[in-house]
Structure formats: structure tokens, C-alpha cells
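This structure is a prediction, so every number in the text was calculated from the model and none was measured. Heavy-atom basis, side chains included; hydrogens, waters and symmetry copies ignored.
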Amino acid sequence: MTVLLVHGDREYLREPGEELQTDLGVLDVPEDVEPGDTLETHLGEEFTVRRLRGPDLFHHFERTGAPMMPRDVGLIVGETGVAAGDRVLDAGTGTGVLAAYLGRIGADVVTYEQDAEFADVARDNVAMANVADAVDVRSGDVTEHFDDLSGFDVLTLDTQDAPAAVERAPDLLADGGSLGVYSPFVEDARAVAEAAREADLANVRTKETIQREMDFDDRGTRPSTAGVGHTGYLTFARKV
């Protein structure tokens with residue numbers, strides 16, 4: 001079980017039995033370590049042991065590209081209604097953030113990644129998140145396996161060929177199943193929405209995800225000027 005060792009704003013990942021060496025001293029992580037424990041380095045500096053949570057996965061996963069942002073993960077969960085016990089087909093694994101989040105919810109996830117090296121990294125990340133039993137990371141192009149896939153409660157896509165996969169959504173989804181597709185550009189989102197309508201999926205809608213952080217100071221309160229916080233477009237639909 002990977003744990004998070006926290007000292008102030010510093011965070012380190014370690015396995016039970018491993019050693020942490022920093023300028024704060026050397027710390028041996030006990031084999032029986034538990035979240036909530038306090039450990040001391042040989043210099044007397046204290047570290048708090050924490051269980052990995054969703055946001056920690058986003059910050060500490062090894063990255064093979066830009067991972068899906070938590071705001072997008074949250075929208076996918078809310079709009080598709082994915083829940084414990086659901087079967088999820090995911091394509092475009094990438095870093096594995098979405099697949100790991102869904103696995104931690106309690107869904108059984110099959111996720112496809114075309115790049116074999118990226119898939120290996122995603123497997124390591126999924127193992128670190130303690131959901132290897134729930135998330136099956138497969139190497140390959142999901143479109144080449146459609147004939148062997150069916151009965152999923154949720155289909156999530158983050159791939160360039162998403163419209164082609166959406167066309168097959170009625171064959172892949174169980175009745176009442178939901179579709180969620182991430183698109184980086186408006187043109188991609190339009191193509192996905194059109195494919196969903198042509199496939200006779202219901203309740204097709206596309207949302208842009210934007211968040212703004214708030215600044216609080218003595219002068220007053222206003223949205224941060226650091227940036228708008230746009231990430232992309234999410235298209236949702238459902239098989240009736």
C-alpha cells in the first residue's frame with residue numbers, strides 16, 4: 001500500500017519498508033505503517049502518514065502527457081452517474097487518472113491505451129492507487145476490439161478517433177448506459193456530437209469546462225487573473 005508522507009508543503013510517496021532520505025533526515029517507513037501515524041526522521045522531524053486520495057493521484061502519478069483534470073473527472077462522474085458495480089469501457093488511458101478515479105469509486109474498468117509504453121506507466125499508476133484489481137489496462141486500439149466488447153454501463157473516450165467509437169456506442173453500451181467524451185477542440189466536440197445523434201443516442205449535449213479560482217485580500221475579492229482555467233469540451237449522451 002503506497003502511502004503519502006507529509007511535512008508542511010512537502011509530500012513524498014513511499015511503500016511500507018522503504019526509506020525516505022531528505023535534508024530533514026532519514027526516515028524508515030515501518031512495514032505495518034497506517035494512515036494517521038506520525039513518523040520521525042533521525043533528526044527528529046515529524047512526517048504525517050496519509051492515505052492516497054483522488055487529488056493525490058493527479059499530483060503524484062507518473063505522467064505520459066497532460067492528465068485529465070479533476071474538474072473534468074468530476075463532470076464525467078456527475079453526468080454519467082457512474083457508480084460502484086458499473087462496468088466501464090475507457091479508451092485513451094494516458095496517465096490513467098480517469099480510470100483510477102473510476103476504479104476507486106468501485107467501478108470495474110477496462111481501459112485501452114494505444115501506446116504500449118504509456119500503458120505500462122498507467123499500470124504502475126493504477127497499482128500505486130491500489131485499484132489494480134478493478135482497472136484492467138490493455139494495450140491496443142479499442143476500435144479493433146469492438147466485436148468482443150459489449151454490455152458496458154459507461155463508455156468514456158479521450159481519443160482522436162472518438163467519433164468512430166461513438167458510432168459503435170449502441171453496440172457497446174447496455175440499455176440506459178451513458179457516454180462521456182473529452183475533446184480538446186470545438187471541431188472535435190462537434191464531430192462527436194454529430195456521431196452520437198447519428199447513432200440515435202439520446203440527450204446529446206456538450207459542455208465546456210471552465211473554473212476560476214478566487215483571490216481574497218485586504219482590498220476585496222475577485223476572480224484570479226492567473227487564467228480562465230479552460231480545459232476542454234465534454235460531450236455526453238445516453239443509450240435509451
Side-chain angles (χ1 to χ4, degrees), residues 51-58 61 66-113 119 122-123 125-138 142-143 145-146 148-159 162-163 165-184 188-189 192-193 195-196 199-209 211 231-240:
R51 187 186 307 278
L52 284 172
R53 308 291 292 179
D56 302 319
L57 306 183
F58 175 79
F61 268 6
M68 184 170 287
M69 298 289 288
R71 73 190 70 161
D72 297 316
V73 174
L75 192 58
I76 288 173
V77 171
E79 291 288 336
T80 64
V82 60
D86 281 350
R87 296 182 65 234
V88 179
L89 176 60
D90 173 61
T93 314
T95 298
V97 168
L98 176 60
Y101 263 94
L102 298 181
R104 290 169 66 87
I105 288 173
D108 293 318
V109 184
V110 175
T111 179
Y112 281 83
E113 170 56 52
R123 291 187 189 98
N125 286 338
V126 164
M128 184 181 76
N130 298 317
V131 290
D133 291 342
V135 180
D136 178 8
V137 181
R138 301 180 181 180
V142 69
T143 62
H145 300 274
F146 282 157
D148 302 319
L149 301 168
S150 64
F152 290 91
D153 300 292
V154 177
L155 171 61
T156 56
L157 304 168
D158 182 4
T159 61
V166 172
E167 292 175 3
R168 295 292 300 274
D171 302 323
L172 300 170
L173 289 170
D175 290 345
S178 295
L179 167 74
V181 183
Y182 175 85
S183 302
D188 299 322
V192 166
D200 291 327
L201 297 179
N203 197 20
V204 180
R205 68 268 185 211
T206 299
K207 299 185 177 184
E208 180 182 15
T209 53
Q211 280 186 343
T231 50
Y233 306 92
L234 285 163
T235 300
F236 301 98
R238 193 169 187 181
K239 177 182 177 180
V240 295

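Closest of all the heavy-atom pairs between Ala237 and Val204 is CB-CG2, 3.8 Å. In plain terms, the two heavy atoms of Thr206 and Tyr233 that are nearest each other are CG2-CB, 4.1 Å. Closest heavy-atom contact between Ile105 and Ala84: O-CB, 3.6 Å. The two residues Gly94 and Ala122 come nearest to each other via the heavy atoms O-CB, 3.6 Å. Listed here is the closest heavy atom pair of Pro170 and Leu201: CG-CD2, 4.3 Å. When every heavy atom of Val88 is checked against every heavy atom of Ala107, the shortest pair comes out as CG2-CB, 3.9 Å.
Here the side chains of Gln211 and Met69 are not in contact, with every heavy-atom distance at 4.5 Å or above.
One finds the CG atom of Leu98 at 5.0 Å from the OG1 atom of Thr156 (value rounded to the nearest 0.5 Å). To the nearest 0.5 Å, the span separating CG on Leu172 from CG on Asp153 amounts to 12.5 Å. In this structure, CZ in Arg138 is found 8.5 Å from CG in Leu89, a value given to the nearest 0.5 Å. With rounding to the nearest 0.5 angstrom, the OG1 atom of Thr93 is 10.0 Å from the OH atom of Tyr112. A distance of 11.0 Å separates OG1 in Thr143 from CD in Glu167, rounded to the nearest 0.5 Å. Taking OH of Tyr101 as the start and CG of Leu57 as the end, the distance is 6.5 Å to the nearest 0.5 Å.
Looking only at distances, a side-chain donor or acceptor of Arg123 sits under 3.5 Å from a matching main-chain atom of Val137. Arg238 contributes a side-chain N or O that, together with a main-chain N or O of Gly176, makes up a donor-acceptor pair within less than 3.5 Å. Judged purely by atom type and a 3.5 angstrom limit, Asn125 uses its side chain to pair as donor or acceptor with the backbone of Thr95. When atom types are taken as modelled, the side chain of Arg87 and the backbone of Ser150 share a donor-acceptor pair closer than 3.5 angstrom. The closest donor-acceptor contact from the side chain of Lys207 to the backbone of Leu234 lies at 3.5 Å or more, if one exists at all.
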Taking it one step at a time, do Leu179 and Leu157 satisfy side chain to side chain contact (heavy atoms under 4.5 Å, CB included)? CA-CA 8 Å; Leu179 167 74; Leu157 304 168; 4.1 Å; yes
Can you list the steps and then say if Val82 with Ile76 is a side chain to side chain contact (heavy atoms under 4.5 Å, CB included)? CA-CA 8 Å; Val82 60; Ile76 288 173; 5.6 Å; no
Would Asp171 and Phe146 satisfy side chain to side chain contact (heavy atoms under 4.5 Å, CB included), going step by step from the backbone distance to the final call? CA-CA 8 Å; Asp171 302 323; Phe146 282 157; over 6 Å; no
Start with the C-alpha distance between Thr80 and Ser178, add both sets of side-chain angles, then the distance that settles side-chain hydrogen bond (donor to acceptor under 3.5 Å, both in side chains), and finish with yes or no. CA-CA 5 Å; Thr80 64; Ser178 295; 5.7 Å; no
What verdict does the side chain to side chain contact (heavy atoms under 4.5 Å, CB included) test give for Leu155 and Val181, after you've listed the backbone C-alpha separation in whole Å, the side-chain angles of each residue and the deciding distance to 0.1 Å? CA-CA 8 Å; Leu155 171 61; Val181 183; over 6 Å; no
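Counting heavy-atom neighbours within 6.0 Å of Arg71 CZ, excluding the residue itself, gives a total above 12. At most 12 heavy atoms of other shown residues, nucleotides or ligands fall within 6.0 angstrom of atom CZ in Arg51.
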